[in-house]
Amino acid sequence: MQLPTPPEDAARLPRHLAIVMDGNGRWAERRHRPRSFGHREGQKALRATVEFCLRRGIGSLTLFAFSSENWKRPAGEVGALMQLFLKALDNEVEELHGHGVRIEFIGDLAAFSPELRERMEKAMQRTAGNRALNANVAVNYGGAWDIARAARLAAQAAQQGQIDAGSIDEHSLAPYFCLAAQPPVDLFLRTGGEQRISNFLLWQIAYAELVFIDTLWPDVDAGVLQGALDEFARRERRFGMTSAQVAASA
Ligand code: IPE
Ligand code: IPE
Ligand code: MG
């Protein structure tokens with residue numbers, strides 16, 4: 001990995017990039033290989049993405065690695081993915097730590113095997129003090145789950161008298177969501193050609209720019225990511241205002 005260099009135009013750079021890493025299966029099928037081969041190959045794109053974010057000074061990266069719906073896949077594919085997660089946790093965490101990456105897993109981790117959970121907890125603890133990049137990995141994650149969880153946590157806080165249930169609004173609910181301590185998502189990127197959210201971050205992408213590209217995840221490299229950043233930089237983010245107001249406040 002190369003050393004990070006400061007971004008040229010921080011204002012046009014997403015502070016938080018979220019990616020649906022889609023297309024591994026099709027990448028492998030096109031090569032007449034098992035789908036798991038595509039998942040393995042996808043790890044190279046993952047490394048390139050982390051390196052890119054470090055170099056460009058993007059502070060938060062959230063990756064959709066396994067959705068709450070992906071359990072529906074054939075047992076063999078789910079098993080191969082779990083093996084891959086285990087291996088990646090064994091092989092990659094120290095290097096990421098060395099680069100100042102803070103790893104956080106979001107999702108309902110209770111569904112995973114004790115050994116996988118233990119490694120995920122260890123990786124989070126090991127890297128908790130790092131500041132160069134927040135790398136959030138969504139596993140057994142669903143945006144609907146996140147919303148229900150936030151509601152449950154808020155209800156519990158109300159029950160304990162910490163907050164007033166009657167005055168819960170979007171501001172007081174916000175701290176109960178996953179990734180509340182990080183900026184909202186600026187750029188939501190999905191590879192693999194599908195134009196849907198697939199129950200990834202919902203609350204956190206309220207005002208994200210959505211970019212969908214046909215490139216299959218294993219083919220993603222720094223050039224492809226730069227293309228997505230260029231598209232982001234071309235967008236006018238108005239946040240409800242008029243174009244003239246945006247221009248005046250720039
Ligand atoms: C995304 O690639 C990775 C996971 C869902 C784990 P896919 O496996 O969905 O690849 P396609 O969409 O079938 O090509
Ligand atoms: C979304 O991709 C989940 C991940 C990339 C981890 P899917 O391939 O599971 O989404 P659908 O099934 O096409 O909506
Ligand atoms: Mg897919």
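Basis for what follows: all heavy atoms, side chains included, without hydrogens, waters or symmetry-related copies. Sequential numbering from 1 along the given sequence is applied to the chain's residues. Quick caveat, the model's predicted, so the values are computed rather than measured. In listed order, ligands and their atoms are each counted from 1.
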Visitor: Looking at Phe66, which atoms of ligand 2 are within less than 4.0 Å of one of its heavy atoms?
Guide: 6 (C)
Visitor: Which bit of Asn70 is near ligand 1, meaning a heavy atom under 4.0 Å away: side chain, backbone, both or neither?
Guide: side chain
Visitor: Can you sort out which atoms of ligand 2 are near Val20, meaning under 4.0 Å from one of its heavy atoms?
Guide: 1 (C), 5 (C)
Visitor: Looking at atom 6 (C) of ligand 1, what's its closest protein heavy atom, distance included?
Guide: Ala65 O, 3.4 Å
Visitor: Check ligand 1 against Arg26 and write out every atom of the ligand that is under 4.0 Å from a heavy-atom position of the residue.
Guide: 11 (P), 12 (O), 14 (O)
Visitor: I want to confirm something. Looking only at heavy atoms, which of Thr191, Asn24, Asp22, Leu84 is nearest to atom 12 (O) of ligand 1?
Guide: Asp22
Visitor: Between the side chain of Arg235 and the main-chain N/O of Leu210, is any donor-acceptor distance below 3.5 Å?
Guide: yes
Visitor: Side chains of Asn130 and Thr127: is there a donor and an acceptor less than 3.5 Å apart?
Guide: no
Visitor: Would you call Arg237-Asp186 a salt bridge at under 4.0 Å N-O?
Guide: yes
Visitor: Report yes if the distance between the aromatic ring centroids of Phe239 and Tyr207 is under 6.0 Å, otherwise no.
Guide: yes
Visitor: Need the ligand 1 atom indices (1-based, order shown) with element for anything under 4.0 Å from a heavy-atom of Arg73.
Guide: 5 (C), 7 (P), 8 (O), 9 (O)
Visitor: Is the backbone of Gly142 close enough, under 3.5 Å, to the side chain of Asn199 for a donor and an acceptor to pair up by distance?
Guide: no
Visitor: Consider every N or O of Trp27 and every N or O of ligand 1, then say whether any pair is closer than 3.5 Å.
Guide: no
Visitor: With a cut-off of 2.8 Å, does Glu194 put an N/O/S atom close enough to the Mg ion (ligand 3)?
Guide: no
Visitor: Is Gly23 in contact with ligand 1, taking contact as a heavy-atom separation below 4.0 Å?
Guide: yes
Visitor: When you measure from atom 14 (O) of ligand 2 to each heavy atom in Gly192, Ser67, Ser198, which option holds the nearest one?
Guide: Ser198
Visitor: Take the angle between the ring planes of Phe177 and Trp203 and call it parallel below 30°, perpendicular above 60°, tilted in between.
Guide: parallel
Visitor: Give a yes-or-no answer on whether the side chains of Gln204 and Asp146 include a donor-acceptor pair shorter than 3.5 Å.
Guide: yes
Visitor: Is the NZ or CZ atom of Arg31 both under 6.0 Å from the centre of the six-membered ring of Trp27 and within 45° of that ring's axis?
Guide: yes
Visitor: With a cut-off of 4.0 Å, which atoms of ligand 2 are near a heavy atom of Arg196?
Guide: 11 (P), 13 (O), 14 (O)
Visitor: Among all protein non-hydrogen atoms, which one is nearest to atom 13 (O) of ligand 1, and what is the separation to 0.1 Å?
Guide: Arg35 NH2, 2.9 Å
Visitor: Out of curiosity, does Val20 fall in the hydrophobic cluster containing Val50 (side-chain heavy atoms, cut-off under 4.5 Å, transitive links)?
Guide: no
Visitor: Out of Lys72, Glu194, Met21, Arg190, whose heavy atom sits nearest atom 10 (O) of ligand 2?
Guide: Arg190
Visitor: Taking Thr191 for the side chain and Asp22 for the main chain, is one N or O donor matched with an acceptor at less than 3.5 Å?
Guide: yes
Visitor: Looking at Phe64, which atoms of ligand 2 are within less than 4.0 Å of one of its heavy atoms?
Guide: 3 (C), 4 (C), 5 (C), 6 (C)
Visitor: Where on Glu29 is there a heavy atom closer than 4.0 Å to ligand 1, on the side chain, on the backbone, on both, or on neither?
Guide: neither
Visitor: Should the pair Glu94-Arg126 be classified as a salt bridge under the 4.0 Å nitrogen-to-oxygen rule?
Guide: yes
Visitor: Specify which N/O/S atom of Asp22 comes nearest to the Mg ion (ligand 3), by atom name.
Guide: OD1
